[in-house]
Amino acid sequence: MLDDQAVLQEQLADDQALSLRAVAREVGIAATSVYIHFADRDALVVAAMERCQNDLVRGIEGAEAASVDPAALLRARILLPGTWAHQNPGLYKVLHESTLSRRTDMPFQAEPAAGATAAVPRRSAPRDASGTWDP
């Protein structure tokens with residue numbers, strides 16, 4: 001259901017334009033069935049936002065793991081979100097510019113910034129023989 005919702009959200013580029021009926025229609029279930037999984041439209045949109053954010057963080061971590069050069073690692077951490085935003089402008093807008101994105105009760109929103117902040121000092125330290133960062 002979240003995949004179908006994300007497709008609709010990408011097309012609409014606005015969390016307020018999404019309806020549970022539209023999601024149910026896209027998934028092929030009765031509109032009332034959506035309420036079994038989500039209390040309301042906002043809960044569905046927030047769940048999709050969290051999933052997108054988590055996917056993006058995993059992508060960043062994967063890109064970082066692919067290189068040992070500190071500059072390349074930091075570059076990957078910076079460029080991947082930009083590339084994702086370019087490929088998914090509607091979802092990016094919902095994640096960062098929507099009414100729901102202004103809520104403060106979504107800790108998953110802090111992860112990319114916290115990861116980038118933590119990455120800068122790690123990148124200045126060399127990796128040890130096992131490939132982990134040597135603080």
Side-chain angles (χ1 to χ4, degrees):
M1 187 176 323
L2 289 177
D3 288 340
D4 293 316
Q5 186 275 345
V7 169
L8 287 172
Q9 207 66 72
E10 174 64 31
Q11 294 168 355
L12 297 170
D14 180 7
D15 64 316
Q16 297 300 312
L18 184 73
S19 73
L20 291 179
R21 288 194 184 283
V23 172
R25 192 171 36 254
E26 185 75 20
V27 175
I29 61 174
T32 53
S33 298
V34 176
Y35 289 100
I36 294 170
H37 304 284
F38 302 98
D40 56 22
R41 184 194 59 81
D42 287 359
L44 173 63
V45 173
V46 168
M49 289 170 68
E50 183 172 13
R51 184 175 181 181
C52 286
Q53 195 80 319
N54 290 340
D55 288 348
L56 184 56
V57 168
R58 278 193 302 279
I60 291 168
E61 290 168 352
E64 283 186 320
S67 178
V68 294
D69 174 44
L73 293 166
L74 195 54
R75 191 175 309 109
R77 178 166 277 284
I78 293 168
L79 291 178
L80 191 76
T83 301
W84 185 88
H86 182 72
Q87 294 170 343
N88 303 281
L91 288 172
Y92 181 86
K93 184 176 180 183
V94 171
L95 279 171
H96 300 286
E97 299 174 15
S98 68
T99 304
L100 283 175
S101 72
R102 296 183 191 113
R103 288 177 39 180
T104 59
D105 61 340
M106 297 184 291
F108 65 86
Q109 288 184 313
E111 176 58 33
T117 301
V120 172
R122 281 196 321 255
R123 297 312 169 242
S124 61
R127 286 189 179 189
D128 64 18
S130 69
T132 58
W133 296 106
D134 186 16

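All residue numbers refer to positions in the sequence shown, counting from 1.
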[X] side, atom [atom1]; [Y] side, atom [atom2] - distance, nearest 0.5 Å:
X: L74; Y: L79; atom1: CG; atom2: CG; answer: 9.5 Å
X: Q109; Y: L100; atom1: CD; atom2: CG; answer: 9.5 Å
X: E50; Y: D55; atom1: CD; atom2: CG; answer: 10.5 Å
X: F108; Y: N54; atom1: CZ; atom2: CG; answer: 8.0 Å
X: T32; Y: R21; atom1: OG1; atom2: CZ; answer: 8.5 Å
X: T83; Y: N88; atom1: OG1; atom2: CG; answer: 10.5 Å

Minimum heavy-atom distance [X]-[Y], with the two atoms named:
X: W84; Y: C52; value: CZ2-CB, 4.3 Å
X: D40; Y: Y35; value: CA-CE2, 4.4 Å
X: S101; Y: L95; value: CB-O, 3.1 Å
X: A76; Y: P81; value: O-CD, 4.3 Å
X: A22; Y: S19; value: N-OG, 3.0 Å

Exercise. CZ of R103: more than 12 outside heavy atoms within 6.0 angstrom?
Worked result: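 Atom CZ in R103 is crowded, with more than 12 foreign heavy atoms closer than 6.0 Å.
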Exercise. In terms of hydrophobic clustering (I, L, V, M, F, W, Y; side-chain heavy atoms under 4.5 Å; direct or indirect links), are I78 and V57 co-clustered?
Worked result: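 No: no chain of side-chain contacts under 4.5 Å links I78 to V57.
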